[in-house]
Amino acid sequence: MPSPIVKVGLSCVALLSASVALAQEAADLPPDLPINELQVLGTHNSYAMPADPRLLAYAEKLMGGSMGDLVKKMPAPARALFQEEHPNDVTLTEALNYRPLPLPQQLAAGLRSLEIDVNPDPEGGHFLDPAGYRYLRKQGAIDLLPFDTTDMDKPGFKVMHIPDLDFRSNCNTLVRCLTQIRTWSDANPKHVPLFLLIEAKSQALPMFPGATTEPPFDAAAFDELDREFLSVFSRDRIITPDDVRGDYPTLRAAVLAHHWPKLKDARGKVMFMILTAHGKSGTEAYIDGHPSLRGRVAFLRSDPADDYGAFLLVDNAIARKDEITANVKAGYFVRVRSDIETYEAKVNDLTRATTAFATGAQVVSTDFPVPGNVYGTSYVVQLPGGSVARVSPAFAGH
């Protein structure tokens, strides 16, 4: 039986451990710093697990080889935008050569932005039986990579990159992903705010026989998305467009006035930002009836001139470096990528990452936040300074 001295020592250790867990991270940051003057590191497709290589090989054959072959078939305007946002000619397998840790491990490693792709499933069961696995089974495959079907038969948003092809996830429903994030947040209540990118998916790739079709991301789906956010995080734990707008006539006006919450008031909270692959046409239903996002839970990917302009997404920091910095200084919240389609890890080149951080963008997203990758290079992206957050270079000395 431990002596009284040992018992006291164990109690002190327990108290010390608890105090560390509840410590205020990035404590050197000014408490009155507006959150748009932060810079953090995040991940892209944060939930993903590797797709079956046989499915990728099948898809590559249909596509004709590299991503460049697919791009050649696009209309000129779409091709120009795609080539800017996807500047590297890689195969589909290379594009998906990332292996993110489970969400709680990413948060523990210091990532403060996560990206989750959500697919509407209002009836439940829509994504329960992927056509890609049906195809492989018909070819005699019996060694399919595990696919978690827990709650896939129930209504609610499902988390995956591409139905039938790249559908394996570390958390297969939005509620499950958000619950993991909230559990971590509950245990670390003084964390800097978490910036959660939510991609609203509404277009499948019909590559396999009996391919899955995506339910529409209509007004009802967006209303349900807000409800799912609030089912996991209470309103007082979320930074919303209404919080930023305040008494300003539009969200954009508030943003240009730098009317963002202070860090001291934003700790322990999350901020949702919605994007789609279809630009504004994919998000009109979220705005309809909510001018300037009044009453909505999430921000929307926007252009600077939009009355709801607040969150900008610019993948290619090299192509738009000066524009990004100007928008950050103006008050907008910007996400950029430090690596695209894993190319930078393959060739071990940190040029894009260095440029991304230098723009001052509030979120710099990477697929390689920890050492080790499938290419065997030393490529890893970490926030300069070694903390989980720093003052954005765009506001250094401000």
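Being a predicted model, the structure only gives us computed values, none of them experimental.
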> Side-chain contact test, heavy atoms from C-beta onward, threshold under 4.5 Å: evaluate it for Leu165 versus Leu56 and give yes or no.
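The answer is yes, as the side chains (C-beta and beyond) meet within the 4.5 Å cut-off.
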
> Going by atom types only, do Asn348 and Tyr375 share a side-chain donor-acceptor pair under 3.5 Å?
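Their side chains do not contain a donor-acceptor pair, so the 3.5 Å distance test is not met.
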
> Apply ring pair (Phe, Tyr, Trp, His ring centres under 6.0 Å) to residues Phe333 and Phe311 and explain how you reach the verdict.
CA-CA 5 Å; Phe333 194 98; Phe311 160 52; 7.0 Å; no

> Please report the closest heavy-atom contact between Phe395 and Asn36, naming both atoms and the distance.
CE1-O, 3.5 Å

> Please check if Val374 and Leu92 belong to a single hydrophobic cluster, counting links between Ile, Leu, Val, Met, Phe, Trp and Tyr side chain heavy atoms closer than 4.5 Å.
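No; Leu92 is not reachable from Val374 via cluster members.
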
> For Phe208 and Tyr58, run ring pair (Phe, Tyr, Trp, His ring centres under 6.0 Å): C-alpha distance rounded to whole Å, both residues' side-chain angles, the deciding distance at 0.1 Å, then the answer.
CA-CA 9 Å; Phe208 300 95; Tyr58 176 92; 4.7 Å; yes

> Ignoring hydrogens and angles, tell me if any N or O in the side chain of Ser113 forms a donor-acceptor pair with the backbone of Leu41 under 3.5 Å.
no

> Ignoring hydrogens and geometry, is there a side-chain-to-backbone donor-acceptor pair from His290 to Ala285 under 3.5 Å?
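Side chain of His290 to backbone of Ala285: no pair is present.
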
> Under 4.5 Å between side-chain heavy atoms, hopping through other hydrophobics if needed: is there a path connecting Leu128 to Tyr133?
yes

> I want to check something: taking the side chain as every heavy atom from C-beta on, are Asn188 and Thr183 in contact at a cut-off of under 4.5 Å?
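A side-chain contact under 4.5 Å is absent here.
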
> If I compare all heavy atoms of Phe222 with all of Ile274, which pair ends up nearest, and what's the gap?
CE2-CG2, 4.3 Å

> Show the numbers, then the answer: is there a salt bridge (Lys or Arg N to Asp or Glu O under 4.0 Å) between Asp243 and Lys269?
CA-CA 12 Å; Asp243 294 330; Lys269 296 185 179 183; 5.8 Å; no

> Between Ser234 and Asp236, is there a side-chain donor-acceptor contact under 3.5 Å, judged purely by atom types and distance?
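Distance-only check passes for Asp236 and Ser234.
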
> Taking Lys346 first and then Glu94, would you say they form a salt bridge - that is, a charged N and a carboxylate O separated by under 4.0 Å?
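Yes, charged N to carboxylate O under 4.0 Å.
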
> Could you check whether any side-chain N or O of Arg337 sits under 3.5 Å from a backbone N or O of Ser365, counting only pairs where one atom can act as donor and the other as acceptor?
no

> Evaluate whether atom CD of Gln139 has more than 12 neighbouring non-hydrogen atoms of other residues, nucleotides or ligands under 6.0 angstrom away.
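It does: Gln139 CD has more than 12 such atoms within range.
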
> Just checking, is any N or O donor in the side chain of Asn172 or Thr150 under 3.5 Å from an acceptor N or O on the other one?
no

> Going by distance alone, is a donor N or O of one side chain under 3.5 Å from an acceptor N or O of the other, for Thr93 and Glu60?
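Their side chains do contain a donor-acceptor pair, which is all the 3.5 Å distance test asks for.
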
> Is there a path of hydrophobic side-chain contacts, each under 4.5 Å between heavy atoms, that joins Ile340 and Leu350?
no

> If only side-chain N and O atoms count, and only distance matters, is there a donor-acceptor pair under 3.5 Å linking Arg176 with Ser169?
no

> Is there a ring pair (Phe, Tyr, Trp, His ring centres under 6.0 Å) between Phe147 and Phe167 once you walk through the steps?
CA-CA 8 Å; Phe147 171 51; Phe167 48 81; 5.0 Å; yes

> Check whether Ser338 reaches the backbone of Ala353 with its side chain - one donor and one acceptor, N or O, closer than 3.5 Å.
no

> Name the residue from Asp265, Ile238, Leu263, Val270 that meets the side chain to side chain contact (heavy atoms under 4.5 Å, CB included) definition with Pro193.
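Among the candidates, only Leu263 passes.
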
> Compute the ring centroids of Phe195 and Phe272, then answer whether they are less than 6.0 Å apart.
no

> Is there a donor-acceptor contact under 3.5 Å from the side chain of Glu344 to the main chain of Arg352?
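Pair absent, no side-chain N/O of Glu344 close to backbone of Arg352.
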
> Which donor-acceptor pairs under 3.5 Å do side chains of residues 104-111 form with protein atoms, sequence neighbours excluded?
residue, atom, partner, partner atom, Å
Gln106, OE1, Thr43, OG1, 2.6
Gln106, NE2, Ser46, O, 2.8
Gln106, NE2, Leu101, O, 2.7

> Could you tell me if Asn373 and Tyr98 have a donor-acceptor pair between their side chains, going purely by distance under 3.5 Å?
no

> Under the 3.5 angstrom rule, does the side chain of Ser292 hit a backbone N or O of Leu251 as a donor-acceptor pair?
yes

> More than 12 heavy atoms of other residues, nucleotides or ligands under 6.0 Å from OH of Tyr343: is that the case?
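12 or below, so no.
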
> Please confirm whether the backbone N or O of Arg54 pairs with a side-chain atom of Asp52, one donor and one acceptor, at under 3.5 Å?
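Flag set: sc Asp52 to bb Arg54 pair under 3.5 Å.
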
> Shared ILVMFWY cluster between Val232 and Leu197, side chains joined below 4.5 angstrom?
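Yes, Val232 connects to Leu197 through the hydrophobic network.
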
> Under the salt bridge (Lys or Arg N to Asp or Glu O under 4.0 Å) rule, what do Arg296 and Asp223 come out as? Steps first, then yes or no, please.
CA-CA 9 Å; Arg296 283 301 195 185; Asp223 288 346; 3.0 Å; yes

> Do Asp367 and Asn97 touch side chain to side chain, with heavy atoms closer than 4.5 Å?
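Side-chain contact under 4.5 Å: no.
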
> Run the ring pair (Phe, Tyr, Trp, His ring centres under 6.0 Å) test on Phe299 and Tyr308 for me, step by step, so that the C-alpha distance in whole Å, both residues' side-chain angles and the decisive distance to 0.1 Å come before the verdict.
CA-CA 8 Å; Phe299 296 80; Tyr308 60 93; over 10 Å; no

> Can you check whether Val40's main-chain N or O pairs, donor with acceptor, with Arg390's side chain at less than 3.5 Å?
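No; zero donor-acceptor contacts below 3.5 Å.
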
> Decide, yes or no, whether a salt bridge links Lys262 with Glu37 under the criterion of side-chain N to carboxylate O below 4.0 Å.
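Looking at Glu37 together with Lys262, the answer is no, because their closest N to O distance does not fall below 4.0 Å.
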
> Name all residues meeting the salt bridge (charged side-chain N to carboxylate O under 4.0 Å, His left out) criterion together with Arg134; count only those two or more places apart in sequence or in a different chain, and write none if there are none.
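For Arg134, the residues satisfying salt bridge (charged side-chain N to carboxylate O under 4.0 Å, His left out) (neighbours in sequence not counted) are Asp129.
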
> Can you tell whether the side chains of Glu115 and Arg335 come within less than 4.0 Å, N to carboxylate O?
yes

> Is it the case that more than 12 heavy atoms not belonging to Asp247 sit under 6.0 Å from its CG atom?
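It does not: Asp247 CG has 12 such atoms or fewer within range.
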
> Is Gln362 reaching over with its side chain to a backbone N or O of Val334, donor-acceptor style, under 3.5 angstrom?
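Side chain of Gln362 to backbone of Val334: a pair is present.
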
> Do Thr366 and His44 have a side chain donor and acceptor closer than 3.5 Å?
no

> Any side-chain to backbone donor/acceptor pair from Tyr332 onto Arg252? Under 3.5 Å, distance only.
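Looks like no, no N/O pair under 3.5 Å.
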
